[in-house]
Amino acid sequence: MKIATFNINGVKARAEVLGRWLDESAPDVAVLQEIKSVDENFPREIIESRGYHLETHGQKGFNGVAVLSKQPLHDVVRGLPGDESDEQARWIEATIGDGGLRICGLYLPNGNPAPGPKYDYKLAWMERMEARVRDLMTSEVPLVFAGDYNVIPQPEDAARPEAWRDDALFRPETRAAFRRLKSLGLYDALRLRHPEHEIYSFWDYQAGAWPRNDGIRIDHLMLTAQAADRLTDAWVETAPRAWDRPSDHTPVWIDLDL
DNA sequence: ATGGCTTCGGTGCGAAGA
């Protein structure tokens, strides 16, 4: 089962890219971030015309997540539990097909500028995610937590780590919170398969970041042991970053023996 | 570089992103 996460930076602006990507790369399951669309205006036909089931959790203007799957989606949860007052659309869960896998698609807050209220929100969100992961891990079903984490886990996950030293994506508190998530028993799929350096998933639109390969790795698929046991491959698909009108992120993939 | 692009909403150009 091939599973991808893709921050598409606007589902309507990315209609052509999204259709081409589904045709060429054909994920079994994918989670999308930054759809920047309310659910009523989501261009569902791009996805459903290609035979996918689709669940969305959007809001006006920014944020927004979605999950698509060739198998039916069940028991959908929209929004990260733990704060009824949080109106930002950054979390969606669904069980795939007959229940052999549960996937969580997430768009973790950016947090800049740091320090400040946006950074406080990021750290609080990560604490809430920790609680949700704990909850879900009481089940024996393999779990995949996939999305744009807005976390550079280690210096080797950035082409120029010194440029990110004080940034909300790389500050010590951010990386410590990410380590706490891992210490619950989650495995970074890409690093399980590719411990080597220089693998990125985001390149800024500005200053020639893509042609200079001035990237960062912030899109992650985190697996429970039950899912990691099934992991056969993990990779970043860089080609879509070079297409016309690309997202500034590119898809990250795993293949599970499910 | 004190964001050099790009999205959205809305139809100006500011907010947000990373």
Side-chain angles (χ1 to χ4, degrees), chain A residues 5-21 31-43 46 56-66 86-91 105-123 125-126 146-175 177-178 190 198-220 236 238 240-252:
Chain A
T5 178
F6 191 4
N7 180 323
I8 53 170
N9 187 19
V11 69
K12 290 181 277 254
R14 219 63 63 212
E16 202 168 317
V17 163
L18 181 56
R20 176 178 174 186
W21 179 65
V31 289
L32 306 175
Q33 301 88 38
E34 284 204 88
I35 62 175
K36 298 187 177 181
S37 171
V38 293
D39 294 340
E40 310 85 83
N41 297 337
F42 191 103
I46 299 171
T56 64
H57 178 45
Q59 70 178 92
K60 190 173 168 182
F62 57 108
N63 298 332
V65 290
D86 183 3
E87 294 180 346
Q88 298 196 32
R90 298 179 173 275
W91 180 271
L106 63 114
Y107 176 47
L108 207 148
N110 173 303
N112 280 305
K118 291 191 172 183
Y119 193 56
D120 295 341
Y121 174 67
K122 176 178 193 153
L123 294 178
W125 202 97
M126 293 181 83
D148 177 357
Y149 280 69
N150 273 314
V151 173
I152 302 167
Q154 299 288 353
E156 57 265 34
D157 296 310
R160 294 183 302 119
E162 69 285 356
W164 298 93
R165 193 189 58 191
D166 301 320
D167 193 279
L169 278 63
F170 192 59
R171 289 169 64 90
E173 304 97 307
T174 305
R175 296 168 56 200
F178 187 77
L190 195 97
E198 294 185 19
I199 300 174
Y200 311 128
S201 65
F202 168 91
W203 298 260
D204 201 296
Y205 287 123
Q206 302 180 75
W210 165 246
R212 294 190 296 113
N213 196 27
D214 181 10
I216 51 177
R217 190 175 73 93
I218 55 174
D219 299 274
H220 309 301
V236 174
T238 50
R241 186 61 182 81
W243 293 351
D244 284 341
R245 293 198 69 196
S247 171
D248 40 8
H249 296 248
T250 206
V252 184

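Since we're looking at a predicted model, the values are computed, not measured. Residue numbers begin at 1 in each chain, while the letters A, B, ... track the order of the sequences.
- Contacts of A:Arg20 classified as salt bridge (charged side-chain N to carboxylate O under 4.0 Å, His left out), with partners at least two apart in sequence or in another chain: A:Glu24.
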Base-contact (B) and sugar-phosphate-only (S) positions in nucleotides 5-12 of chain B, heavy-atom cut-off under 4.0 Å, - elsewhere: BSBSSS--
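- Ranked by how close their nearest DNA chain B nucleotide is to the 5' end, A:Arg212 and A:Asn63 are led by A:Arg212.
- Between the CD1 atom in A:Ile199 and the CG atom in A:Asp157 there is a gap of 8.5 Å [rounded to 0.5 Å].
- A distance of about 16 Å separates the C1' atoms of B:dG12 and B:dT7, rounded to the whole Å.
- Within the 4.0 angstrom heavy-atom criterion, only backbone atoms of the sugar-phosphate kind lie near A:Tyr107; the bases stay farther away.
- Note on A:Lys118: only backbone sugar-phosphate atoms sit closer than 4.0 angstrom, heavy atoms only; bases stay farther off.
- Distance, A:Asp167 CG to B:dA16 C1': 14 Å, rounded to whole Å.
- Using a 4.0 Å heavy-atom criterion, one finds that A:Asp214 contacts no nucleic acid atom at all.
- Spacing between B:dA15 and B:dG10 at atom P, rounded to whole Å, works out to 15 Å.
- Within 4.0 Å (heavy atoms only), A:Asn150 reaches sugar-phosphate atoms of the nucleic acid but no base atom.
- The C1' atoms of B:dG4 and B:dG17 are separated by 15 Å, rounded to the nearest whole Å.
- Following rounding to the nearest Å, A:His249 (NE2) and B:dG17 (C1') show an atom-to-atom distance of 8 Å.
- With contacts defined as side-chain heavy-atom distances shorter than 4.5 Å, the pair A:Arg14/A:Ser247 qualifies.
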Show your reasoning for whether side chain to side chain contact (heavy atoms under 4.5 Å, CB included) applies to A:Asn150 and A:Tyr107. CA-CA 8 Å; A:Asn150 273 314; A:Tyr107 176 47; 3.8 Å; yes
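- Here the closest non-hydrogen pair linking A:Leu106 and A:Trp125 is CB-CH2, 4.0 Å.
- Atom pair A:Asp248:CG and B:dG4:P shows a separation of 15 Å (rounding to whole Å applied).
- Contacts of A:Asn7 with the nucleic acid, taken as non-hydrogen atoms under 4.0 Å apart, involve only primed sugar atoms and P, OP1 or OP2.
- In this structure, A:Thr238 and A:Trp203 approach most closely via the heavy-atom pair CG2-CH2, 4.0 Å.
- Atom CG of A:Asp166 and atom P of B:dT2 are 12 Å apart (whole Å).
- The nearest pair of heavy atoms linking A:Asn9 to A:Asn7 is N-OD1, 3.0 Å.
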